[in-house]
Structures are given as structure tokens and as C-alpha cells.
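First comes the structure, then the notes that go with it.
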Amino acid sequence: MDNNHCSSSTHNIKVKMTNEKKLQDSWSKNRVFQANPDEREKFFITVPWPYTSGPLHVGHGRTFAIADIIARYKRLRGYNVLFPIGFHESGTPIGAISDKIRKGERKTLDLYRNYISAYEEKNNVNKILETFVEPDKVASYFADKIKEDFTRMGLSVDWRRSFRSTDLPYKRMVEWQFRLLDSQGKIKRGRHTVLFSPDDGNPVGEDDIDDGDTNKVSIEDFVSVLFKGEKFSLAASSLRPETVFGITNLWVNEATEYVFVDFEGKKIAMSEKAAGKIKLQHPEMIVTGKCSAKEILSGEYTIPITGKKIHAYANEHIDPDQASGIVFSVPGHSVRDLQFGKIFGHDLVPIYLINVDGKLSKADDALKKHGDVEVANSELYKEEFYSGYMLEHIPLIGGMKVSDAREKIKNMLIEEKNAFLFHETSRKAKTRNGSPVHVAVFDNQWFIDYLEPEWKAATREAVNSMRFTPDFYRKNMLDIVDWISVRACARKRGLGTPLPMDPSWVIESLSDSTIYPAFYTISHIIGNRELSDDEFNYIFLQDRANGIVYPDYVESAKKEFSYWYGVDERITAQPHLSNHLIFYLMNHTAIFRKKYWPKGITIAGTVISNGAKISKSKGNAVSLLDIVNTHGADLFRLYVAVNSDPWSTLDWNQKDVEIISKKYEELKELIMNAANNAEKPSGIHYSIFASRFRIHLRNFNSEMERYSIRNAYIEIIYEIINDLADLRNMGGVPEIAVSSILENWIPALSCVMPHFCEEIWKKMGKNGFVSNYEMNKFEVMQEDEKIVSSLKYVKNIISDVREIRKVTGIIPNSIEVIICGESERADVEKILRKDFNVGDKKLISMVMKSRGKIDLEIDEKYAMERMAKLIETSLGMPLEWRVYDRIGDRKTPLPGKPVINLIGGVKNADR
RNA sequence: GCGGAGGUUGCCGAGUCAGGUCAAAGGCGGCAGACUCAAGAUCUGCCUCUGUAGGGAUUCGCCGGUUCGAAUCCGGCCCUCCGCACCA
């Protein structure tokens, strides 16, 4: 499996790979992570449940590893920690996968055969694949496998509480939730546009669209304006209806098939393709006959509102497959139209309508400025939209902001039946099986109306009172609260819970997963029972219906809920901010009492692979299973912990894997040897090491409280390894030093490398599991700070000696250190207080000059008495030190800045 | 455009909230030395420039300001990345 750390060293004793599976079994057998209410303070941590359409990748692994490291840390600090995981099966993608497998689609079959092969014996693969024609089988297969993967990662999860979003007891809760929201007046119906596949007869999502994940498709609202001719009208489309006052002509593509369509009893012309699409938005618009481009080109047309008469010109660049396939031309404000005029030899006189920053905005100028037609066009569009004003003389909209003018003209034209909306995709899109994607309009779409001001106010209150890591996301979230409007909450297909108000709809998959963490608190108690609304009201809202005696399981569910709820920390990825997390927060504030509102959110950064963004289409997704198989869970977790803080980008790459893997092997070997060591440490270097360790441990704790996992583990791993290097230079033996700190070190390390630490814990003869060990309250001793600052002082002397040696080229026989005496010290203090009444006047200028270097805190005598030997060992030469004598010494030491003399020796000829 | 984050010494990446102890952690990489027949691994030192005594000069996107003192505070500018929806 793995040969990359086996080959790394030849003489090093190879530490055998920890049998992680064995330890996981033992945790599970002993119910180490099953959490039940008790007298301790609780800590409830969650991660959004994984979607069960396939195996997990490194990104999931990271988020869950972060959550687990925090969960384990909190246990260490004495909290009763609940970390549950369920599975999300709602939504359309799983069904789509089954469809494709049923249809025998090659790509999907290969992909899923591949996925299954990672878990199964060769001859079982096809058998399992065949069952995937049932969506439920896909979901349950991957739910099981994901659970296995998580277990293999060493996650400290209470699996008793796991459930799936398609389980009946949970669906009952979703129904309860929606009836409750409905009774609060938050559920509405209305008009809604969706991306739609006419071939499949279904709305399509990002996952259904070819390249949908990398090249997003959005919906643009064209306005198709009717230009009245003698026999019929033309529907000419634009995103900029406010420019009707600047129209000079119409563009028509001669090579295109045009048709007549009936609109409100009027005969209107549009491209044949357009007629096909508009049916999805206006089913009443029926094709009534063919129409030739020639016919269109021969007519004269009237611009609505202005009444001006214009002509249509031929232009083969007009795309018949965009909106109505006829375009109105505004050469004053469209660089494209301006160019077309030149190309086709029409002398179009631009009419200017818009000021930007008090200056007339002209397509001509934009073209000169940007050079490229397309760039100039889109720059002009943005500029005019965001900072443009209509010129004062224009009727109806004179002086208005362009964005407001656009709304006004659009609404007016539509009201007067002189235009209709033509929704179009932002780019040409196909589904993954090649059917076209168009825009359809649903008239009776169900919504959750998030606009209600009191609801938003409550959510703002929640956001302000909770913890965000990193904190800047709080502001981000407040903006999202302002921005959220209505959310389509049901769809016509996919797995999930039927909408209780109208079971022909299925509740949309993000909307069914907003308050589900509450269900973790009771799922193991209620089992397969389907609770009534009444019982949910009692458990979650403490709302007792008159005279009802609830069964025991309801009573104990209520107790569990009130002990555990409020989610203390939710770890999730950044893209969830404006969808899942806002619904999560809003639904909690709508349903629960304040004390049960969420208390913390940590936003995990993106995971990239070898410096590149991970995407399905690039095929650079790394499977979590592969990683754990190859490197083991502990190494993966260490990588996650040490390579970046939770909220920054994590790059998963081979080079860093190797570096960390090497460090990890060294660390394991060191600890193994230390665990076997029987020798007691004695000597100053060991007490220095112990003092430094206590300080590292204190810093570790304070970093972990902030979830700065990276800093915490640099402090508790790398810093200690560096300390050991110092220790060795001072003549100490690392194993002996380490053996004295294992009792506290192993628990701290166990959050990231639980398997190895659990094994060592046992080897150390400890009872119980390090995984639920409660770390002693320990304190950094006063002495520790003193020792560490002394060490810093001594190290400064060492580097000063080196520097003098380097600069002078002298290689001395010995070193003399003269430290500041009590009376000079008192004088220095006086001088620093601006009291210049001191005996030695030359001290004044010295002190003022090197103010920054003076350290009044350090006890130099203490340091030299204990650590002078260390200087000798490090420099490899004898040292003498004494206190300054005013009569005999030429140079004067300052506090924290001793005089160093190199004694004897020769000048290095090389210099 | 709106909103958010960021630009640090060869590279990655801390430090910026709480200004001095910051020529600036750590890692990678490079150079030199120790060990070794050799290579690798490991260890030690060095890696802005400069200096025959621990010093000096110039650096933290650019320009200006506040301050005895700015990578850190304030103002302006340039550049990069992310989100802007009904998709899990």
C-alpha cells in the first residue's frame, strides 16, 4: 500500500503502523463516544450531513477532521461532548444517478463501478451496481460506506443517533416543521423561473447541466418589446428596455426561420427557436404560422412609448437562439449596434440618453477606450447601470437612475401589453445527456418568505450573540440576512418529504435540512416511532397540550433535547454561508426559543489539490478512502491540523504529505522510545525542558480555545521538537526528557492522532481511554517563566558571541561575561525615569542610546548561575562570568545586556 | 457594481486586532561544516546589504500622514482571490 515512508530511512527503526482498526473497534465496543446527559457542561458539535450520492473526498475529510479535533479537545477539557452524524438523501441528484444507470449511460456506469470497486471484492461490483437503478439503494449503500470511512478516520461520533433524511420518523419532523412555518404565515405561493429541460420534462440543477459546476448558468430577464407594423408586430428583445428612446432600427437575421405567435390577440413575429422556448414561459403563446425574414425586412414599425417609425435591417450576427431572435438597435449605448451600423453600411445616428458622472456616456467613447467591442460593450453596460442617470429631457424617466428607469419602463411596457418578459439562460446549456436547457415559469411555486422584518431582526440578534470563527463572517452573515428574500422550498421531483400542504410537491433538499440537528438529540430514543405534531410541540417547544399524558419515550426525548440543544459549534464550508447557513439560522429563530439557538459557526476554508481547485470535471478529486488507506487516519488528521488553520485554504499535495509523514514517523519513534525509558531526568536542561513544555501546553490550550488548530499543534509538536534540539545541545537525552512529559503530552496529541496516542496510553499502563481522559487542570509555575526568560537571555549571549566571532574573525580560547551590578542597575532605572542624578555620567548617554535593548525584568545572576554551563556546551569553550566592577572594567554592562569579552585566541587568517 | 478576504524577506506562510522586545516564527529550498568509503538520512551554523567587538543601513503592494518610534494606526491609490441564490 504505502511505500513512501518505508523507504525514507534505512537505519532508523521503522515504527510499525498503528493498527487503527483495532482501536476503532475497541472505542466502539466500549461505547467511548456515546454521549448521555449528565452533570457536566455539554458541548454539541455538528457538521452538515454528507450527501450520499458517492464516496467522500478530501474536502469532507478535512471539515470532519476539524470537527473531530475540536470534539476531542473539548472532551479533554471536561465537557460532555456530543458529535453525531446523519446522512442527507433528499434532492434530485441521487434520482438522476439511478435514471442514468437504468438507461445504461456509459460515463455514469463507469464512475459508479469505480466507486464501488474501492470498497468491494471484484466479483460483487456489478451485482451492487445493478441495484443502483433504485435511488434508495444508491443512498443507503453510500450512507453505509461513508459511515465506514468516517469510522476509519477515527471520528469520535455517537453513531446510535445517526439517521437519514428519508427515514420516516425524521420526515414526520419535517412535516411538523412545515406545518408550523405555514401556521406562522411564512409559506407562500407564486411565480417562479427555473432552468428546465423540455426533453425530460423536469427542472434541472447545476448537477444536471453539462459543465454546470464549473461554468454556472443563470437566468437573465430579457424584455421582448412589441414594435407594431402594418400587418403584424415584431418582438425585439433587450436587457436594457430603458434605451427605447434611443432606438434607431431593428436587426433581423435573414437566414433564420421566423414564425408568427399569438400574444393577447396580436400577431407577433419571433424566431422559430424563440417560439419553442416561450411556450415554457407563456403557454398561451401559440405558433400560428410561418413568416419570412424578407416579409419582416420590408415593413415599417412603430416604437412603443415614443411612437417613432423605424425599419428592420438584415444582420447575420443576430442569434436566433437568444430570446426572441430579433433585436432593437441602440447605437448610442450599445457598442455592438454601433459596429453593426458600420459593418452593414447603415448610417445610424446615435441618440444619447445617459450621463455617467455628469458626462454624456457614448458607445463610441467606450469603444475608443477599451478597443475590443465585447469588452467595451460589457463595461459600458455595467458603468451605465451602476452609475448612470437618464438625461433630464427624456420623458417619463428623465433624471432617474438607469437601474430605476429600467424597472419603470419594463413595468410600463408589460402593463400596456407592449412587451413580455423573455427569460433566457445566461449561456447556451445542455443537460449531461445532451438535451437543451431552457427557462420555464412555474406559476404556483411554493416559497418560504424570509422577508418578514421581525424574523430578520430575530436572526440578526442570533448572529450578533453567537460566535463566528473567523469573526469577519459575522458581518458577512448580517449582510446575508438583509439580502435573503424568498426561497423556493418545494419541487416536483427528487427524494425527500412531501409538502404537507400539497403532497404533489416534495420539500426542497436544503429546506428540509435546517433544524435537523435537533433530531440528533432524540433519534436514538424514539427509534422507529413516528411522533405526532403534538409530541414534537412538547419535546421541542415545551408546549404541553391540555390534559395529555405523554409516553415515557417522549418525556425522555424532551429531557435529552433540553440538555443538549443549542448547537454549540457547527463546522461547515464557506459556500454554505448564503444558502444552508442562512436557512439554518432563520429556521432556528422561527421555531425555537432563544436558549436553543445556534451558538457558534466555524467556516472551514477551501481544500485544493496540488495548488489547483478541485472539481469533478477536472477529475482531480481525491478520495478520502484512498488517503486513509495509504497513509492512515492519524497522518491525514495531522496534515489537516498542521498545514493550515481551519478557515484558510488547505492544499493537499504529495510533497507536503511526505514532509509531514517524515516528521510524524520521527515523532512516533521518539515517543515510543520515551515510553520505554525508565531513567529519571536530572539536571538543569531537563528542568528547562519541563518548564518550556508547561508554557507550550498553556499556549496550546489558549490556541485551541480559539480553534487555531494549526498554531496549537505547532506549539505542541514543532516547538517541542525544537526544544529537544536545544536539550541535546546542552547535553540532555531527548527520550528521558520526553518520558517526563508524556502524561500531559499524549492527551494533547490525542486530538489529532488518537490511534497512536491511545496505543501509547495503554503502553504507559494507563487505565481507560485517552480519548475520554480529562486533562488535569495544570498551571504554569512562576519559576517556568523565569527559566524560559533566562534561557532566552543565555541564547542571546551565545548568538552575540557568534556574531563577534564572525565579525572580528577571532577564535577565542575562552569567554568572559560581565553582568550588570546592583548599583548600576539602580542608576539605569533612574535614568530611564529621566532622573539623571547618577554617579557615572557616561552611563546616561549609553542608556539613552540603547534604551531598546535594556531588559529590567531579567534576573541575570539567576540565569548565569544556572545556565552558564549551557553556553560552554553550545560554544565548546570555557566561560567565566562575574558582576561588573566599576574600578577595574573598561566597558559597562547594562541590565539584560552584559559585556562579552573574547579572551586570547587567534585571528582566523581566512577572514 | 455590491459584499467579504488578502498583497510580508527565493517560495509557502506567521506576525497586523492590543505600535517599540521585528531583519521579521515555522516549513520548503540553498550554502557551508560534522558524521560517512560515498550517497542518503541526521545534526550544527549561515542565507537583504554591510562592518576586524555584539554595530549600522535598507526592507513587509504603492504614495502620503500620525508618532520619539509603523509590517502593525489613519487617508488615498494599484493589484489578486471569494460570494451574489433556489444547487447539494
Side-chain angles (χ1 to χ4, degrees), chain A residues 7-12 48 50-53 88 90-94 192-195 203-209 212-213 216-219 381-383 385-387 403 445 447-448 470-473 475-476 478-480 482-491 494 508-511 513 574-580 582-583 605-606 611 642-645 647-649 651 655-656 659-660 662-663 666 710-711 714-715 718-719 722 725 728-729 792 796-797 799-810 850-855 857 874 891 896-902 907-908 911:
Chain A
S7 61
S8 63
S9 71
T10 47
H11 80 265
N12 276 355
Y51 189 66
T52 54
S53 61
H88 198 204
S90 318
T92 52
I94 290 178
H192 184 57
T193 53
V194 289
L195 294 174
V204 292
E206 191 180 293
D207 283 342
D208 305 314
I209 296 170
D213 54 338
K216 277 202 153 207
V217 181
S218 56
I219 296 173
Y381 178 99
K382 275 191 207 165
E383 211 176 82
F385 179 72
Y386 292 111
S387 34
S403 48
Q445 176 67 48
F447 291 101
I448 297 178
D471 190 65
F472 61 75
Y473 283 116
K475 185 167 184 316
N476 213 177
L478 287 170
D479 290 340
I480 293 169
D482 288 341
W483 158 91
I484 185 97
S485 56
V486 293
R487 160 86 188 185
C489 67
R491 27 190 344 177
E508 180 274 330
S509 55
L510 286 184
S511 302
S513 304
Q574 206 245 356
H576 283 154
L577 231 35
S578 61
N579 47 57
H580 165 68
I582 183 65
F583 307 139
T606 337
V642 163
N643 235 32
S644 65
D645 268 317
W647 45 86
S648 352
T649 305
D651 186 5
K655 196 179 123 202
D656 286 353
I659 290 162
I660 288 182
K662 215 164 76 184
K663 272 269 181 312
E666 282 168 34
R710 177 169 187 261
N711 288 343
I714 283 175
E715 188 83 32
Y718 288 81
E719 292 292 336
N722 288 343
R728 211 180 299 108
N729 288 341
K792 199 175 162 194
N796 277 339
I797 294 178
S799 74
D800 278 351
V801 170
R802 288 207 170 107
E803 188 165 355
I804 298 167
R805 220 161 50 173
K806 185 180 124 192
V807 170
T808 61
I810 294 168
S850 46
R851 234 178 334 208
K853 313 276 181 199
I854 291 169
D855 180 359
E857 305 295 311
S874 298
K891 284 184 293 183
K897 196 78 188 129
V899 166
I900 298 168
N901 293 316
L902 307 193
K907 200 169 153 177
N908 187 347
R911 282 206 42 99

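Chain naming here is simple, since letters A, B, ... match the order of the sequence lines and numbering starts at 1 in each.
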Quickly work out the [X] [atom1] to [N] [atom2] distance and round it to whole Å.
X        : N     : atom1 : atom2 : answer
A:Ile582 : B:A85 : CD1   : C1'   : 12 Å
A:Asp645 : B:C12 : CG    : P     : 18 Å
A:Asn579 : B:C87 : CG    : P     : 11 Å
A:Asp471 : B:U16 : CG    : P     : 15 Å
A:Gln574 : B:C87 : CD    : C1'   : 16 Å
A:Ile484 : B:C86 : CD1   : P     : 12 Å
A:Phe583 : B:C87 : CZ    : P     : 11 Å
A:Arg805 : B:U52 : CZ    : C1'   : 15 Å

Just call it for [X]: base, sugar-phosphate, or nothing, with non-hydrogen atoms closer than 4.0 Å on any strand.
X        : value
A:Val194 : nothing
A:Pro50  : nothing
A:Leu902 : base

(message) A:His192: which residues meet the ring pair (Phe, Tyr, Trp, His ring centres under 6.0 Å) condition with it, sequence neighbours left out?
(response) A:Phe447
(message) My understanding is that only residues two or more places apart in sequence, or in another chain, count here; which of them pass ring pair (Phe, Tyr, Trp, His ring centres under 6.0 Å) with A:Tyr473?
(response)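 So A:Tyr473 forms no ring pair (Phe, Tyr, Trp, His ring centres under 6.0 Å) with any residue.
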Among the nucleotides [options], which one has an atom lying closest to any side-chain atom of [X]?
X        : options             : value
A:His576 : B:C86, B:G54, B:A88 : B:A88
A:Trp483 : B:C84, B:A53, B:C43 : B:C84
A:Glu666 : B:U42, B:U52, B:C86 : B:U42
A:Arg710 : B:A14, B:C86, B:G54 : B:A14

Does any nucleotide pair with [N] by Watson-Crick or G-U wobble geometry, both distances under 3.5 Å, and what is it?
N     : result
B:C35 : none
B:U80 : B:A5
B:G26 : B:C12
B:G19 : none
B:A71 : none

[M] and [N], which share atom name [atom1], separated by this distance in whole Å:
N     : M     : atom1 : answer
B:C2  : B:C12 : P     : 30 Å
B:A34 : B:G19 : P     : 48 Å
B:A70 : B:U66 : C1'   : 10 Å
B:A24 : B:G55 : P     : 11 Å
B:U8  : B:C22 : C1'   : 12 Å
B:U80 : B:A85 : P     : 22 Å
B:C74 : B:G4  : P     : 15 Å
B:A25 : B:A18 : P     : 24 Å

(request) Enter the distance from A:Ile797:CD1 to A:Lys792:NZ here, rounded to the nearest 0.5 Å. (result)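 The NZ atom of A:Lys792 is 13.5 Å from CD1 of A:Ile797, to the nearest 0.5 Å.
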(message) Rounded to the nearest 0.5 Å, what separates atom CD1 in A:Ile900 from atom CD1 in A:Ile804?
(response)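 Going from the CD1 atom of A:Ile900 to the CD1 atom of A:Ile804 covers 5.0 Å.
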Residue list, side chain to side chain contact (heavy atoms under 4.5 Å, CB included) with [X], at least two apart or on another chain:
X        : value
A:Ile484 : A:Tyr450, A:Lys456, A:Ile582, A:Phe583, A:Met586
A:Ser90  : A:His88, A:Ser165, A:Ser509, A:Asp512
A:Asp645 : A:Trp647, A:Ser648, A:Ser708, A:Arg710, A:Asn711
A:Ile219 : A:Thr193, A:Leu195, A:Asp221, A:His423, A:Val439

(message) Both A:Glu508 and A:Asn711 contact RNA chain B. Taking the nearest nucleotide for each, which residue is further toward the 5' end?
(response)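 Result of the comparison: A:Asn711.
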(message) For A:Glu719 and A:Val801, find the nucleotide of RNA chain B closest to each by heavy atoms; which residue's nucleotide sits nearer the 5' end?
(response)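 Nearest nucleotide further toward 5': that of A:Glu719.
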(message) I need the minimum non-hydrogen distance between A:Gln445 and A:Cys489, along with the two atoms involved.
(response) NE2-N, 4.1 Å
(request) Scan nucleotides 3-11 of chain B nucleotide by nucleotide, 5' to 3', and note B when protein non-hydrogen atoms come under 4.0 Å of the base, S if they reach only the sugar-phosphate, - if neither. (result) SSS------
(message) Measuring to OP1 and OP2 of B:A85, would you say a side-chain N or O of A:Ser578 lies under 4.0 angstrom away?
(response) no
(message) Check this one for me: any side-chain N or O of A:Thr92 less than 4.0 Å away from OP1 or OP2 of B:A88?
(response)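 True: A:Thr92 side-chain N/O within range (under 4.0 Å) of B:A88 OP1/OP2.
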Under 3.5 Å, which protein N or O atoms sit close to an N or O of nucleotides 27-34 of chain B? Give each pair with its distance.
unit_1 : atom_1 : unit_2   : atom_2 : d
B:C28  : O2'    : A:Lys655 : NZ     : 3.1

(request) Tell me, please, which residues at least two apart from A:Asp800 pass salt bridge (Lys or Arg N to Asp or Glu O under 4.0 Å). (result)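 Applying salt bridge (Lys or Arg N to Asp or Glu O under 4.0 Å) to A:Asp800 gives A:Lys897.
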(request) Would you check if A:Lys663 and A:Val642 make a side-chain contact, meaning some heavy-atom pair closer than 4.5 Å? (result)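 When only atoms from C-beta onward are counted, A:Val642 and A:Lys663 do not touch, as no gap falls below 4.5 Å.
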(request) Using atom types as modelled and distance alone, determine if a side-chain donor or acceptor of A:Ser513 lies under 3.5 Å from a backbone N or O of A:Leu510. (result)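 Looks like no, no N/O pair under 3.5 Å.
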